[in-house]
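Numbered from 1 within each chain, the chains take letters A, B, ... in sequence-line order.
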Amino acid sequence: MPELPEAETIVRGLRRTVVGETIDHVRVARPDVLRQSRSSFAAGVIGHRIAAIERRGKNVLIQLDQARLIAVNLGMTGGLLPFRAPPRGAARPTHAAITFRFGSGGCLVFNDTRRFGTVEALDETTWRARSSRMGPEPLARGYRPSHLHAALQHSRSPIRSWLLDQRRVAGIGNIYANEALFLAGLHPQRPARNVGREEAYALHAHLREVLNAAIEAGGTTIRDYRNADGGQGEYVRRLNVYGRNEEECLLCGTEIQRIVFGGRSAFFCPGCQVL
DNA sequence: AGTGTATCCTGCAGGC
DNA sequence: TGCCTGCAGGATACAC
């Protein structure tokens, strides 16, 4: 589910609600989302204060005191829901996997229907090593079009697969990869190394444009995704190709096509994106 | 270095 | 109504 814009929306919501809270207790309802034993996870979080909330790619980072943090990968259906008091009745999350209880009486729930998400307590050093294996942040000021162009030249893989690889660029998933490729006029199966300078520059600009616009819209809700307030992402209204197969291209009227490669659906306009 | 396939899960839509 | 198939914002491991 959540890509960079959805993770960013969640991060912004949590900054307003859970920073400053102290974790008094943790309930692990679904141990399979942990990447470590229940006991080392509990030992790594209990008694710690939440100092800040950050994002790296699609991961939400809950920064704790004493150089520790909780790294949350949201997977396909994961979400982080803050509550001022223990939720009752209809407000209760449907698939609570981990619940962090605060000294204030509030709590933070990692809710994940399919449980492809992961939650892990780490120290900063371990996280930094992990983070160094991920690609650059596409929205970072220092990430230039020339960097994208240069990196593309090393790979024969289809550009859509290249964009989904978190080791190459961090945070891009299937929705925004497809949308940016449409705006840049690039066929999803175009070999990365064949993308010319001008095209790479256009892709860089459209990637940023799509990600920024999606953040502004609060993300994209297809079915599961909800922000920290339970609201939906409005970017779904601005999708040009994702999920629009057999509909007309909004630019040229050609029928949007769906193909499958790399185990994922790709959506494109055969008129605007010629291989 | 690629690709295809399978795996981890649940839920929903569509066809019959 | 119910059963079946296919599909899903992700990540990884495997064989070829």
- Between B:dA6 and C:dT5, how far apart are the P atoms? Round to whole Å, please. 15 Å
- Message: Check the phosphate of C:dA11 against A:Gln166, side-chain N and O only, distance under 4.0 Å to OP1 or OP2. Yes or no?
- Response: yes
- Sub-4.5 Å side-chain heavy-atom contact between A:Gln63 and A:Glu124: yes
- Query: Does the side chain of A:Leu81 reach to within under 4.5 Å of the side chain of A:Phe110, using non-hydrogen atoms?
  - Reply: no
- Message: For Watson-Crick and G-U wobble pairs within 3.5 Å on both distances, what is DNA chain B written in dot-bracket notation, | included for inter-strand pairing?
- Response: .|||||||.|||||||
- Task: Just call it for A:Arg130: base, sugar-phosphate, or nothing, with non-hydrogen atoms closer than 4.0 Å on any strand.
- Result: nothing
- Message: Under the criterion salt bridge (charged side-chain N to carboxylate O under 4.0 Å, His left out), I'd like the reasoning laid out for A:Arg167 against A:Asp165: C-alpha separation, chi angles, the key distance, then a yes or no.
- Response: CA-CA 5 Å; A:Arg167 294 168 303 189; A:Asp165 186 339; 3.0 Å; yes
- Name the residue closer to the 5' end of DNA chain C, choosing between A:Arg35 and A:Arg223 according to the nucleotide with the nearest heavy atom. A:Arg223
- Message: Say we look at C:dC7 and B:dG4: how far apart would their P atoms be, to the nearest angstrom?
- Response: 16 Å
- Note on the structure: By nearest-heavy-atom nucleotide on DNA chain B, the more 5' of A:His95 and A:Arg156 is A:Arg156
- Query: To the nearest Å, how far apart are A:Arg167 CZ and C:dA11 C1'?
  - Reply: 10 Å
- Query: Quick one, which residues of residues 107-124 of chain A touch DNA chain B with a heavy atom under 4.0 Å?
  - Reply: A:Thr113, A:Arg114, A:Arg115, A:Phe116
- Just checking A:Pro158: base, sugar-phosphate only, or nothing, at a heavy-atom cut-off of under 4.0 Å? sugar-phosphate
Quick one: side chains of residues 267-275 of chain A, donor-acceptor pairs under 3.5 Å with protein atoms, not counting sequence neighbours, listed by atom name and distance.
residue, atom, partner, partner atom, Å
A:Gln273, OE1, A:Cys269, N, 2.8
A:Gln273, NE2, A:Leu181, O, 3.4
A:Gln273, NE2, A:Leu186, O, 2.9

- Query: Between A:Asp32 (CG) and C:dT12 (C1'), how many Å, whole number?
  - Reply: 16 Å
- Query: So what does A:Tyr242 touch, heavy atoms closer than 4.0 Å: a base, only the sugar-phosphate, or nothing?
  - Reply: sugar-phosphate
- Rounded to the Å, how far apart are A:Ile172 CD1 and C:dA11 C1'? 16 Å
- Pairs involving residues 66-95 of chain A, ordered by first then second residue, that meet ring-ring contact (aromatic ring centres under 6.0 Å, His included) (sequence neighbours left out): none
- Query: Can you check whether A:Val169 reaches A:Leu207 side chain to side chain, under 4.5 Å on heavy atoms?
  - Reply: no
- Using side chain to side chain contact (heavy atoms under 4.5 Å, CB included) as the criterion, list what pairs up with A:His147, not counting sequence neighbours. A:Tyr143, A:Arg144
- Query: Are the side chain of A:Ser155 and the backbone N or O of A:Ser157 linked by a donor-acceptor pair below 3.5 Å?
  - Reply: yes
- Does OP1 or OP2 of C:dG10 have a side-chain N or O of A:Asn73 closer than 4.0 Å? no
- Check whether any side-chain heavy atom of A:Asn212 lies under 4.5 Å from a side-chain heavy atom of A:Glu216, and answer yes or no. no
- For DNA chain B, what residues of residues 260-268 of chain A have any heavy atom nearer than 4.0 Å? A:Gly262
- Task: Would you please name every residue forming a side chain to side chain contact (heavy atoms under 4.5 Å, CB included) with A:Arg114, sequence neighbours left out?
- Result: A:Met76, A:Thr77, A:Phe116
- A:Asn245: partners by side-chain hydrogen bond (donor to acceptor under 3.5 Å, both in side chains), with sequence neighbours left out: none
- Message: Going 5' to 3' along DNA chain B, which are the first and last nucleotides with any atom under 4.0 Å from a heavy atom of chain A?
- Response: B:dG2 to B:dG11
- Sequence neighbours excluded - ring-ring contact (aromatic ring centres under 6.0 Å, His included) pairs with any residue from residues 42-68 of chain A: none
- Task: Let me know the distance between CG of A:Asn178 and P of C:dA8, rounded to the nearest Å.
- Result: 11 Å
- Message: Would you measure the distance from the P atom in B:dC9 across to the matching atom in C:dC3 and give it in whole Å?
- Response: 23 Å
- Task: Could you pull out all residues at least two apart from A:Arg264 that satisfy side chain to side chain contact (heavy atoms under 4.5 Å, CB included)?
- Result: A:Arg160, A:Leu164, A:Asn174
- Message: Under the rule for side chain to side chain contact (heavy atoms under 4.5 Å, CB included), what residues qualify as partners of A:Arg244, not counting sequence neighbours?
- Response: A:Glu247, A:Leu250, A:Ile256
